[in-house]
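All residue numbers refer to positions in the sequence shown, counting from 1. It should be emphasised that the depicted structure is a prediction, and the values quoted were computed from it without experimental measurement. Remember, it's 1-based here, ligands and their atoms both numbered in the order they're listed.
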Amino acid sequence: MSLNQLFEAAKDAMGKCYAPYSKFPVGAAIRAEDGVIYKGANIENLAFPQGWCAECTAIGAMVMGGAKKIVEIAVIAEKMALCPPCGGCRQKIAEFADRDTRIYLCDETGVRKTMTMDELLPFSFDTDVIG
Ligand code: THU
């Protein structure tokens with residue numbers, strides 16, 4: 001499974017976005033522990049707060065596909081060279097990731113920046129310390 005496949009999946013997902021209000025298409029692709037690539041795009045709503053992010057759609061697809069672990073995730077936005085996942089998405093990704101899970105920020109030509117979960121969401125809420 002190549003990194004390029006993950007990038008292409010994120011790009012393909014972006015093409016399926018529903019973003020008539022922001023006109024800011026975003027795509028995400030997750031390679032899960034089952035080896036499957038799960039895709040998602042942002043889906044907006046006339047009642048603006050009801051819309052949700054591409055990462056969120058991809059996580060939903062992954063869980064409904066029966067997987068529970070993000071091995072790596074690629075994110076792409078048509079109008080931004082590097083689209084860092086929003087704060088809420090960082091927390092949502094973290095739920096299914098490890099500290100060293102890789103997040104690939106892409107532009108239309110491919111992966112431009114690779115970050116770990118720990119870099120993206122440092123000092124995160126971690127229930128391990130609760131015991
Ligand atoms: N968006 C995402 O899909 N992912 C992010 O991490 C950042 C923002 C979407 C939400 C909204 O549809 C549009 O980008 C503009 O904020």
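Near Pro85, meaning under 4.0 Å from any of its heavy atoms, are these atoms of ligand 1: 6 (O).
Checking Asp107 against Thr109 by side-chain atom types alone, a donor-acceptor pair falls below 3.5 Å. Checking Gln91 against Ser124 by side-chain atom types alone, no donor-acceptor pair falls below 3.5 Å.
For Tyr104 and Phe7, the ring centers are positioned 6.0 Å apart or more.
Heavy atoms of Ala19 come nearer than 4.0 angstrom to ligand 1 in no pair at all.
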Practice prompt. Go through the steps to decide whether Thr116 and Asp118 satisfy the test side chain to side chain donor-acceptor pair (under 3.5 Å), and finish with yes or no.
Written response: CA-CA 5 Å; Thr116 64; Asp118 199 42; 5.5 Å; no
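Both the backbone and the side chain of Ala54 come within contact range of ligand 1, each with a heavy atom under 4.0 Å.
The two residues Arg102 and Glu72 make their nearest non-hydrogen contact at NH2-OE1, 3.2 Å.
In this structure, atom 16 (O) of ligand 1 is not in close contact with the protein, since no protein heavy atom lies within 4.0 Å of it.
In this structure, the protein non-hydrogen atom closest to atom 12 (O) of ligand 1 is Glu44 OE2, 2.5 Å. Looking at atom 9 (C) of ligand 1, its nearest protein heavy atom turns out to be Asn42 ND2, 3.6 Å. Taking atom 14 (O) of ligand 1 as the reference point, the nearest protein heavy-atom neighbour is Phe24 CD2, 3.4 Å. What sits closest to atom 8 (C) of ligand 1 on the protein, heavy atoms only, is Cys53 SG, 3.9 Å.
The shortest N or O to N or O distance between Glu55 and ligand 1 is under 3.5 Å. Distances between N or O atoms of Val26 and those of ligand 1 include no value under 3.5 Å.
A salt bridge between Lys69 and Asp98 is present, with a side-chain N of the basic residue lying under 4.0 Å from a carboxylate O of the acidic one.
Residues Lys92 and Cys56 are in side-chain contact: their nearest non-hydrogen atoms beyond the backbone lie under 4.5 Å apart.
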